[in-house]
There are 2 protein chains.
Amino acid sequence: MENLEKPRGGRPRAFDPGRALDAAMHLFWEHGYEATSLAMLREAMGLTPPQIYNAFTDKETLFRKALARYHETEIGFALEAMSAPVSTREAIRRLLLGAAVAYSRPGKPGGCLFVSGALAASPQAQAIADELKAYRKASEAAIAERLAKGQAMGDLPEGVSVEGFAKYIAGVMNGMSIQARDGASVEELRILAQTALAALPDEGQKQGA
Amino acid sequence: MENLEKPRGGRPRAFDPGRALDAAMHLFWEHGYEATSLAMLREAMGLTPPQIYNAFTDKETLFRKALARYHETEIGFALEAMSAPVSTREAIRRLLLGAAVAYSRPGKPGGCLFVSGALAASPQAQAIADELKAYRKASEAAIAERLAKGQAMGDLPEGVSVEGFAKYIAGVMNGMSIQARDGASVEELRILAQTALAALPDEGQKQGA
DNA sequence: GATTCTCCATAGCGATCGATACGAAACCTG
DNA sequence: CAGGTTTCGTATCGATCGCTATGGAGAATC
């Protein structure tokens with residue numbers, strides 16, 4: 001992968017790159033890529049511009065590293081839900097309820113960085129918008145994969161379209177992200193998730209939240 | 001309301017404000033409020049900066065007028081669906097299927113301006129983000145009102161939470177807006193809408209699209 | 001025709017954008 | 001210690017941002 005910490009001499013860093021990246025991630029999460037200025041990043045990261053550029057190359061690279069960190073630290077619920085040894089319906093339930101929690105964590109920006117990061121962008125930032133779109137597409141593909149696995153295991157009726165349903169689930173999660181950004185509480189998002197679950201075929205009865 | 005066209009003398013305008021506003025609206029729709037620069041607006045509207053500022057005050061006012069125009073010209077399907085003399089389920093069906101069409105019109109930016117316009121914003125543009133949030137909240141409130149009316153008419157079971165369901169429907173529409181932005185076709189959005197409809201109580205059978 | 005009003009086009013305003021040049025400082029290896 | 005290397009802090013860089021000052025042009029009113 002990458003050369004992790006190999007200084008062959010030279011002045012040591014006076015800051016923690018991990019903490020700095022976290023601060024940048026939260027700022028991008030809150031304001032999006034383009035609306036987050038270097039001045040804001042400077043203050044939130046507690047660094048001078050040369051420190052930022054020496055450690056993270058440029059703003060675009062910093063944002064991509066923030067995306068990767070977000071993917072690793074903030075949305076583990078998704079991978080867990082998709083890989084847990086449970087029924088397909090239960091997997092989707094965990095996915096949506098996990099999103100309800102992750103999108104409305106106190107002290108964190110509402111919604112999902114992959115949605116808020118750059119839904120609309122200037123022509124110069126088109127590459128960033130495309131990168132986020134790729135993340136969203138990958139999420140949808142992961143859902144489709146889980147649904148297909150469910151069909152293969154006889155867990156999900158053969159009649160339903162895996163791609164269509166994955167697009168629905170991914171769409172609901174994106175919608176939850178916006179609702180969270182508009183101030184929806186965990187409970188409200190949970191109710192939304194439960195409602196969305198009712199569209200699933202093979203309707204077993206559900207229990208209280 | 002406003003003084004509509006009352007020049008008591010003076011040099012006449014050399015451009016059509018309506019067409020200029022349309023061009024601005026589409027640009028904001030595509031790139032969002034902050035990422036749309038005056039240079040882009042100049043080119044798209046075919047105007048010089050003083051022409052823009054004389055006719056529309058400033059960028060923020062121009063954006064608000066673009067929002068109003070969008071509301072009037074692009075999303076009439078919503079009001080139609082909510083006020084049509086049909087069952088509640090049919091009203092919601094028309095709402096979602098109308099969104100599928102409106103969010104993926106050829107030659108138009110994908111999704112809804114109320115979502116793409118400023119989901120994330122810099123602190124300076126917070127007022128704009130709040131305005132868009134207000135539009136989204138109003139849409140949700142309109143849905144809730146329609147659902148409440150359905151309950152009052154015995155059209156919708158008393159048990160379901162009107163607010164919760166409205167949040168679900170609004171959330172699905174927001175999700176459709178993002179899926180449309182990611183390139184979803186009309187058919188794909190229609191399938192998403194049909195899937196979302198299955199979560200509605202009082203499940204009458206549906207017919208082909 | 002003189003006055004008055006509004007809009008036109010050119011040019012450029014101060015502020016902020018992302019990104020750097022520069023030289024001193026702090027660590028390693030000899 | 002000298003030599004090499006990397007990061008440090010300070011002070012900006014050119015480009016672009018939203019916006020406007022200025023003076024002339026074109027229309028209604030008197």
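Letters A, B, ... are given to chains in the order of the sequence lines, protein chains preceding strands, and every chain is numbered from 1. Here the structure is a predicted model, which is why all the values come from computation and not from measurement.
- Scanning for ring pair (Phe, Tyr, Trp, His ring centres under 6.0 Å) contacts around B:Tyr70 gives B:Trp29, B:Phe114, with sequence neighbours left out.
- For the salt bridge (Lys or Arg N to Asp or Glu O under 4.0 Å) condition, no pair includes a residue of residues 114-124 of chain A, sequence neighbours left out.
- Cation-pi geometry between B:Lys59 and B:Tyr33 is met: the NZ or CZ atom falls under 6.0 Å from the ring centre, inside 45° of the normal.
- As rounded to whole Å, 11 Å separates atom C1' of D:dG18 from atom CG of B:Leu41.
- Ionic pairing of A:Lys108 and A:Glu74 is present here: one or more N-O contacts between side-chain nitrogen and carboxylate oxygen are shorter than 4.0 angstrom.
- As judged by a 4.0 angstrom heavy-atom cut-off over every strand, A:Phe56 is placed among residues making no nucleic acid contact.
- The phosphate of C:dC7 has neither OP1 nor OP2 within less than 4.0 Å of any side-chain N or O from B:Gln51.
- Across the protein-nucleic acid pair, A:Asp16 atom CG and D:dC8 atom P stand 12 Å apart, rounded to whole Å.
- Picking from D:dT10, D:dT7, C:dC8 the nucleotide with the shortest atom distance to the side chain of A:Thr48 gives D:dT10.
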Report all interatomic pairs (protein N or O, nucleotide N or O of nucleotides 13-15 of chain C) with separations under 3.5 Å.
none

Across nucleotides 17-24 of chain C, 5' to 3', mark each nucleotide with B, S or - according to how protein heavy atoms within less than 4.0 Å reach it. SSBBB---

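- In this structure A:Val86 satisfies the side chain to side chain contact (heavy atoms under 4.5 Å, CB included) test together with A:Ala84, A:Glu90, A:Ala91, A:Arg94, sequence neighbours excluded.
- Look at CZ on A:Phe15: it is 15 Å from P on D:dT6, rounded to the nearest Å.
- Shown here are the salt bridge (Lys or Arg N to Asp or Glu O under 4.0 Å) partners of A:Arg64, two or more places apart in sequence or in another chain: A:Glu60, A:Glu131.
- The pair A:Lys137-B:Asp182 does not count as a salt bridge, with every side-chain nitrogen at least 4.0 angstrom from each carboxylate oxygen.
- Atoms CD1 (A:Ile52) and C1' (D:dT7) sit 14 Å apart, rounded to a whole Å.
- Nucleotide D:dA11 holds its P atom 13 Å from the CZ atom of A:Arg42, rounded to whole Å.
- Residues A:Thr61 and A:Asp58 have side chains that bring a donor and an acceptor to within less than 3.5 angstrom of each other.
- In this structure, B:Leu47 places its CG atom 8 Å from P of C:dC8, rounding to the nearest Å.
- To the nearest 0.5 Å, the span separating CD1 on B:Ile178 from CD1 on A:Ile178 amounts to 3.5 Å.
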